[in-house]
Amino acid sequence: MTRHLITSAIPYINGIKHLGNLIGSQLPADLFARYQRARGNEVLFLCATDEHGTPAELAAAKAGKPVDEYCAEMHAVQARIAEGFRLSFDHFGRSSSPQNHALTQHFAGRLQEAGLIKEVSEKQVYSNTDGRFLPDRYIEGTCPNCAYDKARGDQCENCTKQLDPTDLVEPRSAISGSTDLEVRETKHLFLRQSELKDDLNAWIDSKKDWPILTTSIAKKWLHDGDGLRDRGITRDLHWGIPVKNGTKDWPGMEGKVFYVWFDAPIEYIACAGEWAAANGLSDADWESWWRTDKGAHDVQYTQFMGKDNVPFHTLSFPATILGSGEPWKMVDHLKSFNYLNYDGGQFSTSQGRGIFMDQALELLPPDYWRWWLLSHAPESSDSEFTWENFQQSVNKDLADVLGNFVSRVTKFCRSKFDETVPAGGAYGDVENALIADLQKRLGQYQEHMDAIEVRKAAAELRAIWTAGNEYLQTVAPWSTFKEDPEQAAAQIRLALNLVAFYATLSAPFIPDASATLLETMNATDAAWPTDVAASLGQLPVGHAFTVPEVSFAKISDEQREDWQERFAGQRA
RNA sequence: GGCGCGGUAGCUCAGUUGGUUAGAGCGAUCGACUCAUAAUCGAUAGGUCGGGAGUUCAAGUCUCCCCCACGCCA
């Protein structure tokens, strides 16, 4: 038995995520977690909300709520939606948790002790009206280059010129519109990542099985230009983890907080602490997943994330861990995804373009989205969502190939025999050939799942479903029945067992449908198959079942056109 | 402008270290079947693998140049 620690990139607290975000990390992570559990392995699957930073503060202000209250509410919303998609987190934590406060401060203290922190004085724009320092992109003004009047402090969106806030003509706060701004001197902590460049490089080189996408991004950041740059890990904000040196105050850093990119990945670890606390477990229980000196030596740690998150997971977070000098578990396998595009453009949170998780659940059951997204996961390149493709794939795969198989088998049995597994006849060459074929396909399916080749696994699963239809077509029990009812009984007995077999194998992809099928087949205790022949004898003669309702209703052309139109514009 | 990932059948995508007639699913056409959600099964037709040059006995697969899309950075 292997112990699998699995984390998904933690979504930002501000608003509801779209389907591109979902397939970029949470959903494939869930697929892997469910699969490993089904194989009998021990799994700790963690995710959380990333709650600190200016965007959260501003969103809270816009909603007219204190930021902690806003985050608590949004966390509940995201948790409910995650449940809607059947994301099987062992714990869905919060980066604002007490555990993460303590751990983030602990890491900062260790890094300081190791001489990896330096203090840097910077000049930043302060808004007197807002009573806060403004990040570059929250300063607006007229572009000195093209005279566009809504240029941001980091870049002009109109002419794409990169800017410094001080370049802007008539700069103003993007938050309040105030022009009462001044440049102030402020002190911040920087993590000397550059000191760890060789360690990081060696560590990345030791990862032979990482995808090209992952290593190429990491290497670029490591070696491009002057190489890995030191990064500020503190901010002048109210909402965040107070800067401390372990449990002690940090002289000169009063009133400042750690920057989100520093505390967010640490939440992966803190989340395990939250999980333990929420389940009445001890520190030793969660540390056995994270400390290689306390039991985590045999843990396989897999991270899932979109490609934009790769640098933080290959460089920043490892730098924090390596720099601490403590025996924390580091990632073994890092699975990154490209982007899912929407109807010829990008999904966009800021522009409200595409389909958002809450909206998707209003339209269709989670299995529909899970199946399409996973079977079209953007693994090797960006991929494309179109309503036509979605409708065709879901109707064909789920309704026609799988759903209809269940339907034809159970209904045939009911009409010719009854609602129990019929007796009589025996398996012959055709059946043995099918079993051999399925045994081989099961092996390939598992190989793809073990390697987290999501699309390939989906394709193999679909081929396994198809094999059932091929079998029925070959032996034609409806014809057999006229000449030899006993033989027809044997054929349908096998087919009924296939339904349970399929439900078990499909569970990681489509958990709800799988559970429903197992219930109707009265086989909720079905185990993951190893020997196909044995597994297909699981439902014995006389075993009662019920004929299920339509497992997957098809998406009609009218529905598709309606949705296509509804989601063509921006989210209200 | 620099760098990065891509550009393979109508669509969504596979193509290991260069090697026989370039693959899958969907869609299309034809046929079979009628148990089933007008479902299923089979067969066929579709590609000068973005363009050009080069290396090689042999290139979608390596090298160079160009074009296009996307992303990151200055």
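Below, each value reflects all heavy atoms present in this structure, side chains not excepted, and no hydrogens, waters or symmetry copies. Just so it is clear, the structure is predicted and the values come from calculations on it, not from any experiment. The sequence lines fix the lettering, A, B, ..., with proteins before strands; numbering per chain opens at 1.
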Peer 1: Using the rule given for ring pair (Phe, Tyr, Trp, His ring centres under 6.0 Å), can you reason through F317(A) versus F312(A), listing the C-alpha separation, both sets of side-chain angles and the distance that settles it, and then say yes or no?
Peer 2: CA-CA 6 Å; F317(A) 186 40; F312(A) 298 106; over 10 Å; no
Peer 1: When rounded to the nearest Å, what value does the distance between P atoms of rC68(B) and rU29(B) take?
Peer 2: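 Taking atom P in both rC68(B) and rU29(B), they lie 37 Å apart.
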Peer 1: For rG4(B) versus rA9(B), give the span between their P atoms, rounded off to a whole number of Å.
Peer 2: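 25 Å, rounded to whole Å.
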Peer 1: Picking from rU37(B), rC26(B), rU12(B), which would you name as closest to the side chain of K554(A)?
Peer 2: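 The answer is rU37(B).
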Peer 1: Nearest of rA39(B), rU37(B), rC35(B) to any side-chain atom of N404(A)?
Peer 2: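 Between rA39(B), rU37(B), rC35(B), the one nearest the side chain of N404(A) would be rA39(B).
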Peer 1: Measuring only the C1' atom in each nucleotide, how far is rG6(B) from rU61(B)? A whole number of Å is fine.
Peer 2: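 My reading of the C1' atoms in rG6(B) and rU61(B) gives 15 Å.
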Peer 1: Are a donor atom and an acceptor atom from the side chains of D397(A) and W372(A) found within less than 3.5 Å of each other?
Peer 2: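 On atom types as modelled, these side chains do not qualify, holding no pair under 3.5 Å.
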Peer 1: Base, sugar-phosphate, or nothing for S393(A), non-hydrogen atoms under 4.0 angstrom?
Peer 2: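 No contact.
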Peer 1: For K396(A) and for S479(A), locate the closest nucleotide of RNA chain B by heavy-atom distance; then report the residue assigned to the nucleotide nearer the 5' terminus.
Peer 2: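 Closest to the 5' end, via its nearest nucleotide, is S479(A).
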Peer 1: Does a side-chain N or O from K456(A) land closer than 4.0 Å to OP1 or OP2 of rG15(B), or not?
Peer 2: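 So the side-chain polar atoms of K456(A) do come within 4.0 Å of the phosphate oxygens OP1 or OP2 of rG15(B), strictly under.
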Peer 1: Applying side chain to side chain contact (heavy atoms under 4.5 Å, CB included) between V454(A) and each of L374(A), L27(A), L373(A), report the one that passes.
Peer 2: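 Testing V454(A) for a side chain to side chain contact (heavy atoms under 4.5 Å, CB included) against L374(A), L27(A), L373(A) leaves exactly one candidate, L374(A).
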Peer 1: Using the C1' atom in both, what is the distance from rA24(B) to rG46(B), to the nearest Å?
Peer 2: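 These two C1' atoms come out 15 Å apart once rounded.
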Peer 1: Would you classify T474(A) as touching base, sugar-phosphate or nothing, given that sugar-phosphate means primed atoms plus P, OP1 and OP2, and contacts are heavy atoms under 4.0 Å?
Peer 2: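 Counting heavy atoms under 4.0 Å across all strands, no contact is made by T474(A).
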Peer 1: Angle between ring planes, F32(A) versus F304(A), binned at 30° and 60°: parallel, tilted or perpendicular?
Peer 2: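 Taking F304(A) first and then F32(A), their aromatic rings sit tilted (interplane angle of 30° to 60°).
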Peer 1: Ring centres of H18(A) and F385(A) under 6.0 Å apart?
Peer 2: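 No; F385(A) has its ring centre 6.0 Å or more from that of H18(A).
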Peer 1: Say we look at rC67(B) and rG27(B): how far apart would their C1' atoms be, to the nearest angstrom?
Peer 2: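 That atom pair is separated by 30 Å.
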Peer 1: Is any side-chain N or O of D400(A) under 3.5 Å from a base N or O of rA39(B), one able to act as donor and the other as acceptor?
Peer 2: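 No such pair is found, so the answer is no.
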Peer 1: If you measure from the P atom in rG2(B) to the same atom in rC66(B), how many Å do you get, rounded?
Peer 2: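 Per the computed distance, 9 Å lies between those P atoms.
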Peer 1: Between the side chains of R370(A) and D512(A), is the shortest nitrogen-to-carboxylate-oxygen separation below 4.0 Å, so that they form an ion pair?
Peer 2: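 Not counted as a salt bridge, because no side-chain N and carboxylate O are separated by less than 4.0 Å.
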Peer 1: Would you say a side-chain N or O of K411(A) is under 4.0 Å from OP1 or OP2 of rU37(B)?
Peer 2: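 Yes, such a contact exists.
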Peer 1: Give me each pair satisfying side-chain hydrogen bond (donor to acceptor under 3.5 Å, both in side chains) with a member in residues 421-440 of chain A, each pair once, sequence neighbours excluded.
Peer 2: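 Of all non-adjacent pairs touching residues 421-440 of chain A, those that pass side-chain hydrogen bond (donor to acceptor under 3.5 Å, both in side chains) are E431(A)-Y471(A), D437(A)-R441(A).
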Peer 1: What class does the angle between the rings of F390(A) and W369(A) fall in, given that below 30° is parallel, 30 to 60° is tilted and above 60° is perpendicular?
Peer 2: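 It falls in the parallel class, under 30°.
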Peer 1: What is the distance from CZ of F385(A) to C1' of rC13(B), rounded to the nearest Å?
Peer 2: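 Those two atoms, CZ and C1', are 17 Å apart.
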Peer 1: Dot-bracket for RNA chain B, 5' to 3', with Watson-Crick and G-U pairs under 3.5 Å, [ ] for crossing pairs and | for other-strand pairs: what is it?
Peer 2: ((((.((..((((.....[...)))).(((((.......))))).....(((((..]....))))))).)))).
Peer 1: On a whole-Å scale, what distance lies between the P atoms belonging to rU8(B) and rG15(B)?
Peer 2: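 Per the computed distance, 14 Å lies between those P atoms.
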Peer 1: What does F552(A) touch in the nucleic acid at a heavy-atom separation under 4.0 angstrom: a base, only the sugar-phosphate, or nothing?
Peer 2: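 Base, at least one base atom sits under 4.0 Å.
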Peer 1: If only side-chain N and O atoms of R455(A) are considered, is one of them under 4.0 Å from the OP1 or OP2 phosphate oxygen of rA24(B)?
Peer 2: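 No.
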Peer 1: Using a cut-off of strictly less than 4.0 Å, decide whether K307(A) has a side-chain nitrogen or oxygen near OP1 or OP2 of rG4(B).
Peer 2: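 It does not, given that no N or O in the side chain of K307(A) lies less than 4.0 Å from OP1 or OP2 of rG4(B).
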Peer 1: Taking only the side-chain heavy atoms of H376(A) (C-beta and beyond), determine which of rC35(B), rU12(B), rG25(B) contains the nearest atom.
Peer 2: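 So the nucleotide nearest the side chain must be rU12(B).
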Peer 1: Picking from rU37(B), rG42(B), rU34(B), which would you name as closest to the side chain of W478(A)?
Peer 2: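 Shortest atom-to-atom distance from the side chain points to rU34(B).
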Peer 1: For rU48(B) and rC35(B), measure between their P atoms and round to the nearest Å.
Peer 2: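 rU48(B) and rC35(B) have their P atoms separated by 44 Å.
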Peer 1: Using a cut-off of 4.0 Å on non-hydrogen atoms, how would the nucleic acid contact of N389(A) be classed: base, sugar-phosphate, or nothing?
Peer 2: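 Here N389(A) touches the backbone only, sparing every base.
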Peer 1: Is there ring stacking between F412(A) and rC35(B), where the centres must be under 5.5 angstrom apart and the planes under 30 degrees?
Peer 2: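 Here the ring of F412(A) and the base of rC35(B) are not stacked, as the 5.5 Å and 30° limits are not both satisfied.
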Peer 1: Base, sugar-phosphate, or nothing for A399(A), non-hydrogen atoms under 4.0 angstrom?
Peer 2: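 Base: the residue A399(A), judged by heavy atoms under 4.0 Å, touches a nucleobase.
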Peer 1: Which label fits rG46(B), syn or anti, where anti is any glycosidic angle not within 90° of 0?
Peer 2: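 Base orientation: syn.
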Peer 1: Let me see the working for Y502(A) and M521(A) under side chain to side chain contact (heavy atoms under 4.5 Å, CB included), right down to the final yes or no.
Peer 2: CA-CA 11 Å; Y502(A) 289 171; M521(A) 296 314 292; over 6 Å; no
